[in-house]
There are 2 protein chains.
Amino acid sequence: MGRKQAIIQSATRLFAQKGFAETSTAEIAEDAGVAHGTLFYHFKNKRGIIHEIFSMAGEAYLQNLKNVIARKTTGITRIEAIIRFNENFSRDHIQQIRIFQRFFPDPVEVSDPETRLIASLQQQVIGLIEKSLETGLADGSIACKNINETASVIHSLIFGITHMNLTKAINTPQLTEGAIAFCRRALAPGGQDCQTI
Amino acid sequence: MGRKQAIIQSATRLFAQKGFAETSTAEIAEDAGVAHGTLFYHFKNKRGIIHEIFSMAGEAYLQNLKNVIARKTTGITRIEAIIRFNENFSRDHIQQIRIFQRFFPDPVEVSDPETRLIASLQQQVIGLIEKSLETGLADGSIACKNINETASVIHSLIFGITHMNLTKAINTPQLTEGAIAFCRRALAPGGQDCQTI
DNA sequence: AAACTGATTGACAACTCACTCAGTTTCTGA
DNA sequence: TCAGAAACTGAGTGAGTTGTCAATCAGTTT
């Protein structure tokens, strides 16, 4: 493994565990077994390191998600696959997902590149959920009135589930399965409409 | 307003906007219009400031949530009230909620007081959701198999919705209403069971 | 008036941080 | 074999960090 890869690996581990600001470049260098200066030969600055981690992980996430969706045919099974994929990806790339979830955009610095990257990623995921919902409407496996709204709700649910799984604040092992069952009921065709008791 | 309150107010604003580590004590002092040393007269250290913000906000959240629930009678309207309360509270205490959402526990430092506080808070919220689900089962407004699991799912959904509203990553104004409709369908009694297409 | 109180100040110590750079080692291909 | 390029080193720099502390000050009590 090259030095650059070693640096990325160490940075990923440390950023995931302690956070970006709480991790020093000296710490990364020591963990990677390289001199401090080597970091700045391979990366413009500290932000450059996390930028590379972000874009690599984001690309991998989207690519794998698309593959998983393509393997399913009906709308409801695609939604199920999307939710289940999230848990699998979070397990296999726990550090990257932790870094993503740690990131919280500064509401005034909206032009920050990482903020834009995450926003774009989320928009694309929502787009994929929407397409799956449309598929479900067409094949009759899903009933849904407002596609964009429902997709955003499902995306929020996925985000929340991932957060709870990562922080282990909730002691619910089958959270993902519960979410799938929840979505299946909410999207089931033939179900009665919203009652207003 | 006393100096201590001014410090808390400034710290709340800055922590919400930039994050804890990215905000210096000098910055807080300047914003609050007090000398740097005054911070450490009123608080043991920098963490002491955020600790006070955390516990005050957490207490206010729980207290208000309980009041809101108590005002509703049926199970499903209580669930609806819980979801809607979250949006109202987030709007009225946007900075505090932002600080909460920014916080991400270090997976190795599990005994961190803030980590414990958040975990306890979440456990209590889930407990309130569970009780509302039970009420719904009893009065027939809700159908639900696994109460704890469903409560955790709803809690995750609320967390995700709050996050999306705060980061405005999703451009869906009616996210909360969408979530309520989604939950109403998922919890509706008489709906058919999960299909396995 | 003298003594005491808690609040406030700002200079300061001790330290950490990201980043630089002059110099060294390693690689590469002709 | 060797010159030039690329990779690497680690001491050094200056800015910034949290937290300390002796001194001051406005009130209040004795």
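Chain letters run A, B, ... following the sequence lines, proteins first and then strands; every chain starts at 1. Side chains are part of it too, since the values below use all heavy atoms of this structure and drop only hydrogens, waters and symmetry mates.
- The separation between Asn45(A) atom CG and dC17(C) atom P is 17 Å, rounded to whole Å.
- For the pair Glu27(B) CD and dA15(D) P, the computed distance is 18 Å after rounding to whole Å.
- Checking dC17(C), dT20(D), dG10(D) against every side-chain atom of Ala35(A), the shortest atom distance belongs to dG10(D).
- Atom CG in Leu39(B) sits roughly 17 Å away from atom P in dC21(D) (whole-Å rounding).
- Looking at Glu87(A) and Arg91(A), no side-chain N of the basic residue comes within less than 4.0 Å of a carboxylate O on the acidic one, giving no salt bridge.
- Taking atom NE2 of residue His42(B) and atom P of nucleotide dG6(C), one finds them 13 Å apart after rounding to whole Å.
- The phosphate of dC17(C) has neither OP1 nor OP2 within less than 4.0 Å of any side-chain N or O from His36(A).
- A straight line from NZ of Lys46(B) to P of dT20(D) spans 15 Å, rounded to a whole angstrom.
- A 3.5 Å limit on both hydrogen-bonding distances identifies dA1(C) as the Watson-Crick or G-U partner of dT30(D).
- Nearest to the side chain of Val34(B), among dT20(C), dT18(D), dT9(C), sits dT9(C).
- Taking 4.0 angstrom as the limit, Thr25(A) places a side-chain polar atom (N or O) nearer than this to OP1 or OP2 of dA18(C).
- Aromatic pair Phe100(A)/Phe54(A): ring centres closer than 6.0 Å.
- Taking the six-membered ring where tryptophan is involved, the planes of Phe89(A) and Tyr61(A) are perpendicular, since the angle between them exceeds 60° and thus also 30°.
- Residue contacts for Thr38(B): at a heavy-atom cut-off of 4.0 Å it reaches a base atom on one of the strands shown.
- Look at CZ on Phe43(B): it is 16 Å from C1' on dT18(D), rounded to the nearest Å.
- Taking atom CD of residue Glu30(B) and atom C1' of nucleotide dT8(C), one finds them 17 Å apart after rounding to whole Å.
- In this model, the phosphate group of dT18(D) is not approached by any side-chain N or O of Arg47(B) to a distance below 4.0 Å at OP1 or OP2.
- Side-chain contact of Thr77(B) with Thr74(B): a donor-acceptor pair under 3.5 Å is present, judged by distance alone.
- Following rounding to the nearest Å, Arg3(A) (CZ) and dA6(D) (C1') show an atom-to-atom distance of 13 Å.
- Aromatic pair Phe104(A)/His163(B): ring centres closer than 6.0 Å.
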